[in-house]
Amino acid sequence: IALAGVIFGAAISAMLFFLLDWKVLQLLGGEPRVAAEYMKKIARGDLAVEIAVAGERPDSLMSSLKLMQLKLKNLISAVSGGAAEVSEQSRKFETAYGAFQRDRDEATAQELLRQTKGVSRTLSSLEKSIGRFRL
């Protein structure tokens, strides 16, 4: 009877272990070590890593990590595009300013004003892209 009790207890313990292991893996969306490696790569700036999510739970840790990675990629893309546009607007502004310095007529003054507004719009757009995140 004691041997049967020990075997029965071991079987229940094994079932509980596998059930809890399965439940934890569902909540995490994958192995904890793998999730930690993904987080380390993202923290180092590697957003190109392909995050594999086990299961279809949108509330799992791995799903949230993948969503964070996607949002960071979008932010980097928006900031990069905004920086390129600011650079182009700045170049146009410098050209318009140079023409204004030479000619000082109404047409070049209007062009300078137009370029200034362009830089302002670009910076405002960049600010909105960054403003989606709380710091």
Side-chain angles (χ1 to χ4, degrees):
I1 293 178
L3 181 61
V6 168
I7 292 173
F8 184 70
I12 289 177
S13 295
M15 284 186 345
L16 283 175
F17 172 77
F18 288 115
L19 180 66
L20 286 174
D21 186 52
W22 176 80
K23 186 65 175 171
V24 167
L25 287 179
Q26 289 294 313
L27 290 172
L28 293 178
E31 288 289 329
R33 286 183 299 278
V34 175
E37 283 302 314
Y38 288 148
M39 286 184 220
K40 287 177 187 175
K41 287 180 180 180
I42 289 173
R44 286 192 304 260
D46 181 7
L47 295 177
V49 63
E50 185 62 36
I51 296 176
V53 178
E56 297 295 322
R57 291 189 63 144
D59 62 338
S60 72
L61 173 71
M62 293 293 250
S63 293
S64 297
L65 186 61
K66 190 168 188 151
L67 181 62
M68 179 186 75
Q69 176 195 33
L70 178 65
K71 287 185 175 191
L72 284 171
K73 281 181 177 180
N74 288 340
L75 176 66
I76 298 289
S77 178
V79 169
S80 180
E85 194 172 332
V86 166
S87 180
E88 177 65 20
Q89 290 288 335
S90 176
R91 187 190 61 72
K92 288 178 180 179
F93 176 79
E94 288 174 5
T95 302
Y97 181 72
F100 177 73
Q101 288 292 89
R102 281 190 315 275
D103 301 337
R104 293 203 184 263
D105 64 0
E106 184 62 29
T108 56
Q110 290 300 320
E111 177 62 19
L112 183 60
L113 181 60
R114 191 175 72 74
Q115 292 303 326
T116 302
K117 288 180 181 179
V119 170
S120 178
R121 280 191 305 274
T122 303
L123 289 174
S124 177
S125 173
L126 189 57
E127 184 179 35
K128 285 179 187 174
S129 294
I130 295 170
R132 293 181 295 169
F133 293 88
R134 284 174 274 192
L135 301 176

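Remember, predicted model here, so these are calculated numbers, not experimental data. Numbers for residues simply follow the sequence, beginning at 1.
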Non-hydrogen atoms of A52 and Y38 that approach each other most closely = N-OH, 3.4 Å
Residues, nucleotides or ligands: over 12 heavy atoms within 6.0 Å of Q101 CD | yes
Any side-chain heavy atom of E94 within less than 4.5 Å of one from S90?
-> yes
Does T116 use its side chain to pair, donor to acceptor, with the backbone of L112 at less than 3.5 Å?
-> yes
Residues in side chain to side chain donor-acceptor pair (under 3.5 Å) contact with Q115, at least two apart in sequence or another chain | E111
Output every pair passing salt bridge (charged side-chain N to carboxylate O under 4.0 Å, His left out) with a member in residues 77-88, not counting sequence neighbours, ordered by first then second residue.
-> E88-R91
Hey, could you give me each pair passing salt bridge (charged side-chain N to carboxylate O under 4.0 Å, His left out) that has a residue in residues 32-46? Not counting sequence neighbours.
-> E31-R33, E37-K40
Between the CG atom in L75 and the OG atom in S80, the distance rounded to the nearest 0.5 Å is 10.5 Å
State whether the side chain of S125 and the backbone N or O of R121 hold a donor-acceptor pair below 3.5 Å, judged by distance alone.
-> no
Would one find more than 12 heavy atoms of other residues, nucleotides or ligands at under 6.0 Å from atom NZ of K117?
-> no
Side chains of residues 58-70: which donor-acceptor partners sit under 3.5 Å, not counting sequence neighbours?
unit_1, atom_1, unit_2, atom_2, d
D59, OD1, R57, NE, 3.1
D59, OD1, R57, NH2, 3.4
D59, OD2, R57, NH2, 3.0
S60, OG, R57, O, 3.2
S60, OG, S63, N, 3.2
S60, OG, S63, OG, 3.0
S63, OG, R57, O, 2.8
S64, OG, S60, O, 3.2
K66, NZ, I51, O, 3.1
Q69, NE2, L47, O, 2.7
Q69, NE2, V49, O, 2.6

Are L16 and F8 joined in one hydrophobic group, where the rule is that I, L, V, M, F, W and Y side chains link up if heavy atoms are under 4.5 Å apart?
-> yes
Identify, with sequence neighbours excluded, every residue that meets side chain to side chain contact (heavy atoms under 4.5 Å, CB included) alongside A99.
-> R102, T108
With sequence neighbours left out, what residues match Q110 under side chain to side chain contact (heavy atoms under 4.5 Å, CB included)?
-> E106, L113
Over 12 foreign heavy atoms within 6.0 Å of OH, Y97 | no
